[in-house]
Amino acid sequence: MSTQPSSVSGEPPSGAEAGGPMVRRILLGAQLRRLRESQGVTREAAGYSIRASESKISRMELGRVSFKPRDVADLLTLYGVTEESEREPLLSMARNSGLAGWWHSYHDVLPGWFPTFVGLEEAANDIRTYEVQFIPGLLQSEEYAHAVVTSNFPELTPAEVDRRVGLRMGRQKLLLSENAPRLHCVLDEAALRRAYGGAEVMRAQLSLLEQLSERDNVTLGVVPFSHGGHAGVAGAFVLLSFAEEEIADVAYVEELTSALYLDKPEDTTAYRTAFDGLSGAALDPAATRHLLHEIAQQL
């Protein structure tokens, strides 16, 4: 008798296809973890069954590695899933878990930790982002993005700069897609006052922000200098939420030479609370657009 939970049967959730390999890995890992726990199998025993370590089982269940179909087949047998109709959807996800996302072609100019973020961003249905120094990548104009990249990474060659800007422009197609996520962006006023690329580039960037803020799936707010202190004391962050209940929220915090991916409930709750505080401190969308226009006139 199969012990497969009912949520596993049938085709993989639609997000597993729409979100690409990252979502497939996370969903498959979550399914394998539930099956293992339902059978009372330890990670150590599961690892032994596929000639691997306990830590590899942990990484698989978190969706942080691609899956070998043979390993998944052996684990399903160990967990008592023997019917072909129940095994095949999971084996299909395993076969597709290593497929490269569209951003893979930019791997030569990406820091090692960033492809994971792009995959999660592509799969999210809600993106909350707070930025204090510059406009977030999803909302940058091409000229502004070029200025940011050259300023932050002066060691890059012109070709490498163009590649990074190209990736950023590719990411923005997400906001215009048929299944576009909801983006809620809160900016500190400082991000609007720092004129990357000079006055002309910045005016065009502010105009683009006004246009994008009119989209139904984009909410833009600015915390003005007049507000004083606010909840963004820890700096910039992104909070990603997903339609699939199997995927926990993820808070992304970028550092100088690495990034943190936080998915424990206590961490994501703290970031959600901080974002709610920032949203409450921010100007409403209409007042935000007025401030954007005002700052553009001052440049």
Quick check: closest heavy atoms across [X] and [Y], and the distance to 0.1 Å?
| X | Y | result |
| --- | --- | --- |
| L138 | Q172 | O-CG, 3.3 Å |
| L91 | P69 | CD2-O, 3.7 Å |
| N125 | A243 | OD1-N, 3.4 Å |
| S241 | R128 | OG-NH1, 3.2 Å |
| E131 | P136 | CB-CG, 4.0 Å |
| L78 | A45 | CD2-O, 4.4 Å |

State the [atom1]-[atom2] distance between [X] and [Y], to the nearest 0.5 angstrom.
| X | Y | atom1 | atom2 | value |
| --- | --- | --- | --- | --- |
| S55 | M60 | OG | CE | 11.5 Å |
| L299 | R203 | CG | CZ | 6.0 Å |
| M202 | R193 | CE | CZ | 10.0 Å |
| K56 | I50 | NZ | CD1 | 5.0 Å |
| Q133 | N152 | CD | CG | 6.5 Å |
| Y271 | L240 | OH | CG | 12.5 Å |

For this session: Could you check R171 against Q140 for side-chain hydrogen bond (donor to acceptor under 3.5 Å, both in side chains), going step by step and ending with a plain yes or no?
Result: CA-CA 10 Å; R171 287 169 54 208; Q140 291 179 6; over 6 Å; no
Exercise. Side chain to side chain contact (heavy atoms under 4.5 Å, CB included) between F225 and D188: does it pass, once the steps are laid out?
Worked result: CA-CA 8 Å; F225 288 149; D188 191 280; 3.7 Å; yes
Exercise. Step by step, would you call I247 with L27 a side chain to side chain contact (heavy atoms under 4.5 Å, CB included)?
Worked result: CA-CA 7 Å; I247 305 180; L27 290 174; 3.9 Å; yes
Exercise. Knowing that exactly one of R36, R34, R25 qualifies, which makes a salt bridge (Lys or Arg N to Asp or Glu O under 4.0 Å) with E61?
Worked result: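 Only one of R36, R34, R25 forms a salt bridge (Lys or Arg N to Asp or Glu O under 4.0 Å) with E61, namely R36.
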For this session: Can you tell me which residue pairs pass the ring pair (Phe, Tyr, Trp, His ring centres under 6.0 Å) test with a partner in residues 242-269, sequence neighbours excluded?
Result: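 Checked against ring pair (Phe, Tyr, Trp, His ring centres under 6.0 Å) - neighbours excluded - the pairs reaching residues 242-269 are F117-Y252, Y252-Y261.
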Do [X] and [Y] have side chains that get closer than 4.5 Å, going by heavy atoms?
| X | Y | answer |
| --- | --- | --- |
| L192 | L209 | yes |
| L75 | S49 | yes |
| D74 | R51 | yes |
| L183 | N217 | no |
| V149 | R168 | yes |
| E254 | F114 | yes |
| I135 | L208 | no |
| T42 | Y48 | no |

For this session: Show your working on side chain to side chain contact (heavy atoms under 4.5 Å, CB included) between E189 and H227 and close with a plain yes or no.
Result: CA-CA 10 Å; E189 186 175 339; H227 186 274; over 6 Å; no
Indicate yes or no for a side-chain donor-acceptor contact from [X] to the backbone of [Y] under 3.5 Å, with no hydrogens or angles considered.
| X | Y | answer |
| --- | --- | --- |
| S207 | A204 | no |
| S92 | P89 | no |
| S151 | A147 | no |
| Q205 | L139 | yes |
| T269 | E266 | no |
| E86 | V81 | no |

Exercise. Can you list the steps and then say if R182 with T219 is a side-chain hydrogen bond (donor to acceptor under 3.5 Å, both in side chains)?
Worked result: CA-CA 8 Å; R182 292 181 292 272; T219 301; over 6 Å; no
Exercise. Under a 4.0 Å N-O cut-off, is there an ion pair linking R95 with E88?
Worked result: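 Here R95 pairs with E88 in a salt bridge, since their nearest N and O are under 4.0 Å apart.
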Exercise. Does E160 come within less than 4.0 Å of R164, counting only side-chain N to carboxylate O?
Worked result: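 Judged by the 4.0 Å cut-off on N to carboxylate O distance, E160 and R164 do not form a salt bridge.
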How about [atom1] on [X], more than 12 heavy atoms from neighbouring residues, nucleotides or ligands closer than 6.0 Å, or not?
| X | atom1 | value |
| --- | --- | --- |
| R70 | CZ | no |
| E200 | CD | no |
| D108 | CG | yes |
| E178 | CD | no |

For this session: Using distance alone, with no hydrogens and no angle criterion, decide if S58 and R64 have a side-chain donor and acceptor under 3.5 Å apart.
Result: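 Distance-only check fails for S58 and R64.
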Exercise. In a check of side-chain contact (heavy atoms from CB on, under 4.5 Å) between L76 and each of D71, L32, T82, which one passes?
Worked result: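 With L76 as partner, D71, L32, T82 yield a single side-chain contact (heavy atoms from CB on, under 4.5 Å), made by L32.
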Transitively linked via ILVMFWY side-chain contacts under 4.5 Å: [X] with [Y]?
| X | Y | answer |
| --- | --- | --- |
| V186 | L212 | no |
| L278 | L292 | no |
| L120 | V253 | no |
| L175 | Y130 | no |
| F237 | I127 | no |

Exercise. Would F134 and Y144 satisfy side chain to side chain contact (heavy atoms under 4.5 Å, CB included), going step by step from the backbone distance to the final call?
Worked result: CA-CA 10 Å; F134 41 72; Y144 180 92; 3.1 Å; yes
Exercise. Which residues pass the ring pair (Phe, Tyr, Trp, His ring centres under 6.0 Å) test with H184, sequence neighbours left out?
Worked result: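 Partners of H184 by the ring pair (Phe, Tyr, Trp, His ring centres under 6.0 Å) criterion, ordered by chain and then number, come out as F275.
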